[in-house]
Amino acid sequence: MTHAGRMAVTGCSLRTPLGDDARAVLRRLLAGERAAAPNAHFDASTYTCRLAATIPGAPRPTKHRKFVKRMGLFGMEVGAEALARAGTPAKGARLGLFCGYGGLRAHWDDLMPVLERQTGDARATGAWAQGFSLLHPFWMLFHLSNNAHALLSIDVGGKGDGTTTAGSNAGAQALRAASIALAVGSVDAALVFAYDTLVEPETLLSLGMSGAATSAATTEAVVAPYDEGAAGFVPGEAAAAVVLERPDDAGDRALSFVSAAATADGAEGFPSPRALASLAAGLSVGDMIVDGAALASPERDTAERAALADVLGPSATLLALTASTGQLGGATAVVQAILLAEALRAGALPPIAGLDRPSAGPLRPLARAEETRARSALALSAGMPGLAGALRVEVP
Amino acid sequence: MKRRVFVRGRGAITPLGETWPASRDALAEGRSAVAPVQHFDVEGYPSQVAATVPFPLGAWGLRSDKPSYAPKPPLDEAEDRRLALARRAADEAWAEARVSAAPSRIGVFVGAESGRATYRTIFALSRAAGGGARFDHARFGEDARALATAVHAAAVSPAAVASALAARIGAEGPVETISLACASGAAAIVSATQAIRLGLCDVALAGGVGADVDPFMLVGFGLLGALSARGVSCPFDLRRDGFVVGEGAAFVVLAAERGDARAEVAGAARTLDAFHLTAPDQAGDGAERAMRGALDDAGRVAIGYVQAHGTSTQLNDAVEAAAIRRTLGDALPNVHVGAVKGAVGHWVAGAGAIGFLCALEAVEGGICLPTAGLTEPDPACVLPHVVGAAKRKPVEAALVNAFAFGGANTSLVVSRCA
């Protein structure tokens, strides 16, 4: 067994570049829309990667702005919403909180004034007098990895088991950790929330220079994953949350069911297709639909399809939600859990947005939306360094 | 019936020793590694001491791969010190464990925070962004390109350590990175224990690493008022005034198969305070629930040693001491209490893991390690402290605490194998 078993989803919420209502987002996915646009956060015209898929708008005003930056606040919003929608099935020590986040970002607005007068020598000579003393006393709290986790636990009164898992597959890690907590009985309900953005200066710099992110100048010029001309993905951002319960406890309140797995293989870049296929094999129950990692690299995409074909067979349907939403880093798996369930409930599979010339190979990359009677699907996520996540989504 | 989880291997690199046995011997003598920071200028900092690993690590800690890395590199040049430290400790634990399992049955669970580019790299990035008070994106997009590898995910992702260790030991099972501040390392051991119990894997490398002796962390924690202005780490002492940043890595190898193990993880629990971002619940409810949860999970065991979280901060130590007294109740007179942060500082994400090794030592070796720096116990922190040097006595079971900013609490019980 590679996962802790199937758990019921009884509430969910999300913020994505295509909107914050799962049903409305699905409509846009089915229409083949893409959220990619010139970077809305800052002028990236000189960056190697100029496009991004960003969440429109800002988090709601909150006192937590003193301690948590934008994406963490989105994470807290969706967490509270998901729990409310689930009807708050557990409280206090029986409610667990499991957060997935991509990792700390530099937050240059805070750092630049502090570094302006530094000399930059190896010993940081005179750093205090030259600016470090200007750092805000709460600067450390913005860099507390579990700040959103902690403050949300206060807001919702969750006192049970909980962790903050981290990395670009953090959503899958958090789903698995929550499932384990439910399986061992340490909590009766687990709020899983994940957030991440790849639209930060240093992240875009790294993704762009490594060739992982697209260098296309316009949305129209972006070539879709699994297309023979694919040349890098669009960096995105998202926050998403689900409430998990044991299936017997959820009964007919179950919106869907998920099981999750995560691993890592030490690669400096993306994980090997073999690692992704291995996770899929551990979760699959004869599934014939898979939302791929969709890295938009011809070599990677081809190898992924070959590896998945060994597990699912050559005719499985291949989706790529991130062709529409952008790559979502540590938030990917939780977004997939919500949107795939929405698609399966609607009986409609979204196309791979922008897919014009599917590359040759096994699996069936979906170029146009189509109806489905399937009740389950797999989803994969991949990030650096060598991080892989997978989940199986099933609807009643 | 839940599967048993045996401790098959241990490894650590600390400010006091390059291996766990060397560290343990120094800890047993009551030595402290806390000293003025030498490798960068701390003039004006709220706290100017730290417990630093003084041993050469080499780039990426490739001791076993390239022993020629003998020349000691400046600390600032190890781009990811987390990994350099973690690999040393993990190698030691893995070698001692002598376990065999299919790659898909081996998991890795690591408590680690995000990596940080060095001060010099961050400075260089700021200059690429114009060097003024505001970030100049137009310049950054052009001028920072040569610095891209310094901020690659392999250097800064919190998950880089776990990913690299998985490859190093050939693990293809579950891999997890926990960034839960000061409870990360212990929480990772809880996750590994749960994974083995549930059958998700048969062997797990678990532990944590902290590498926070750098200018940004010292300033950040210092401005927050968390660090000792006196420059002393003295948990539970009347004179305590904050923690001292330390660094190091500690790992264990856990397995479902006993082999020649002498100890096992008998109990594990995590709780959340849901109280405050930085302060513990003064009633100690979350801490007490974590300890009671771990003890309930362990069943009937006689606790002989407690490795306390013991940060050397006013409120945390008092709250923890009271929670320990309530939890252990009548059993307290039979217990000894130690806190390793007095000797090696606070490793943040690695703190709970080195605490676990200290508790393990009590069970396996009958060595109850002391609280270095503790000379005048605070009446608010009355406990059967181990003061001075280690005490030696048979210990059937030991309790470990790790409590984090944000009110995340972890407790573990390690016991002698029946």
Side-chain angles (χ1 to χ4, degrees), chain A residues 1-2 4 42-44 46-47 67 93 97 103-104 108 112-113 115-116 118 120 122-129 132 135 137 139-141 144-146 149-151 153-154 157-159 161-167 173 180 183-184 201-202 205-206 209 263-266 268 384-387, chain B residues 40-41 43-45 74 76 113-114 119-120 123 126 132-135 137-138 140-142 144-145 148 151-154 157-160 162-164 166-167 172 174-181 187 191 194 198-200 215 219-221 223-224 270-272 274-275 277 289 405-408:
Chain A
M1 189 172 73
T2 60
F42 50 84
D43 174 12
T46 61
Y47 284 59
F67 310 113
L97 269 76
L104 294 178
W108 290 103
M112 291 301 284
L115 294 166
E116 186 178 7
Q118 303 287 341
R123 284 184 43 80
T125 305
W128 176 263
F132 274 10
L135 264 180
W139 177 81
M140 193 72 225
L141 300 181
L144 195 62
S145 51
N146 61 327
H149 183 249
L151 291 170
S153 76
I154 296 168
K159 296 186 173 184
D161 195 356
T163 60
T164 294
T165 47
Q173 293 186 61
I180 289 173
V184 302
E202 70 273 22
L205 170 70
S206 174
M209 291 302 293
T263 192
D265 68 3
E268 287 199 0
M384 294 188 267
L387 307 177
Chain B
F40 55 89
D41 178 13
E43 177 69 31
Y45 284 30
D76 199 43
E113 296 291 340
S114 293
Y119 166 80
R120 278 195 301 180
F123 174 81
S126 77
R134 294 177 64 86
F135 196 93
H137 286 283
F140 188 80
E142 294 279 2
R145 294 181 181 189
V151 289
H152 187 278
S157 169
S163 187
E172 296 179 5
V175 178
E176 185 168 310
T177 296
I178 294 185
S179 294
L180 200 58
S191 287
Q194 291 176 338
L198 276 179
L200 272 61
V219 169
F221 279 126
L223 286 169
L224 197 58
R270 294 182 295 223
T271 67
L272 301 168
F275 177 75
L277 187 54
R289 283 188 293 111
F405 268 169

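We name chains A, B, ... by the order of the sequence lines, and we start the count at 1 in each one. Only a predicted model underlies this, so the values are computations on that prediction, with no experimental measurement involved.
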Intermediate values then yes/no, side-chain contact (heavy atoms from CB on, under 4.5 Å), A:Phe42 and B:Phe140: CA-CA 11 Å; A:Phe42 50 84; B:Phe140 188 80; over 6 Å; no
Audit row: A:Val184, A:Asp161, side-chain contact (heavy atoms from CB on, under 4.5 Å) steps and yes/no: CA-CA 11 Å; A:Val184 302; A:Asp161 195 356; 5.6 Å; no
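To the nearest 0.5 angstrom, A:Trp108 atom CH2 is 7.0 Å from A:Leu115 atom CG. Here OG1 of A:Thr46 is found 5.5 Å from CD of B:Glu142. Values are rounded to the nearest 0.5 Å. Atom CE in A:Met140 sits 8.0 Å away from atom CZ in B:Phe405 (nearest 0.5 Å). How far CG of A:Leu97 is from NZ of A:Lys159: 12.5 Å, rounded to the nearest 0.5 Å. Separating the CD atom in A:Gln118 from the CH2 atom in A:Trp128 is a distance of 11.5 Å, to the nearest 0.5 Å. Taking CG of B:Leu277 as the reference point, atom NE2 of A:His149 lies at 12.5 Å (rounded to 0.5 Å).
Of the residues considered (B:Ser179, B:Gly406, B:Ala159, B:Ala181), B:Ser179 shows the highest number of contacts with chain A, using heavy-atom pairs under 4.5 Å. If you tally non-hydrogen atom pairs under 4.5 Å between each of B:Val151, B:Val175, B:Leu223 and chain A, the highest count goes to B:Val175. When the candidates B:Arg134, B:Gln194, B:Arg289, B:Glu43 are compared by the number of heavy-atom contacts under 4.5 Å with chain A, B:Arg289 comes out ahead. The choice from B:Gly407, B:Ser191, B:Ser126 that makes the most heavy-atom pairs within less than 4.5 Å of chain A is B:Ser126. Ranking A:Ser145, A:Gly386, A:Ala183, A:Ser153 against chain B, the residue ahead of the rest is A:Ser145, based on heavy-atom pairs under 4.5 Å. Among the candidates B:Ala144, B:Ala187, B:Ala166, B:Ala162, the residue making the largest number of heavy-atom pairs closer than 4.5 Å to chain A is B:Ala144. Among A:Gly158, A:Ser206, A:Gly167, the residue with the largest count of heavy-atom pairs under 4.5 Å with chain B is A:Ser206. With chain B as the partner, the residue from A:Ile180, A:Leu104, A:Leu135, A:Leu205 showing the most heavy-atom pairs under 4.5 Å is A:Leu205. Per-residue counts of heavy-atom pairs under 4.5 Å with chain B were compared for A:Pro137, A:Gly103, A:Ala129; the largest is that of A:Pro137.
Using modelled atom types, no side-chain atom of B:Glu176 and backbone atom of A:Thr165 make a donor-acceptor pair closer than 3.5 Å.
Looking at A:Leu141, only its side chain comes within 4.5 Å of chain B, counting heavy atoms on both sides. Of the two parts of B:Glu113, only the side chain, counted from C-beta on, holds a non-hydrogen atom closer than 4.5 Å to a non-hydrogen atom of chain A. Residue contact with chain A, scored on non-hydrogen atoms closer than 4.5 Å, involves the backbone and the side chain of B:Arg145 alike. Interface residue B:Ala164: only backbone heavy atoms are found under 4.5 Å from chain A. The part of B:Ser157 that comes within reach of chain A is its side chain, from C-beta onward, which places non-hydrogen atoms under 4.5 angstrom from that chain. The contact between A:Ala124 and chain B is made by backbone and side chain atoms together, counting heavy-atom distances below 4.5 Å. In this structure, chain A has a heavy atom under 4.5 Å from the backbone of B:Phe275, while its side chain stays farther away. For a residue to count as touching a neighbouring chain, one of its non-hydrogen atoms must lie under 4.5 Å from one of that chain's; by this rule A:Leu144 touches chain B with the side chain only.
Pairing each heavy atom of A:Ala4 with each of B:Leu198, the nearest pair is CB-CD1, 4.2 Å. Scanning all heavy atoms of the two residues, the minimum distance from B:Tyr119 to B:Pro215 falls at CB-CG, 4.2 Å.
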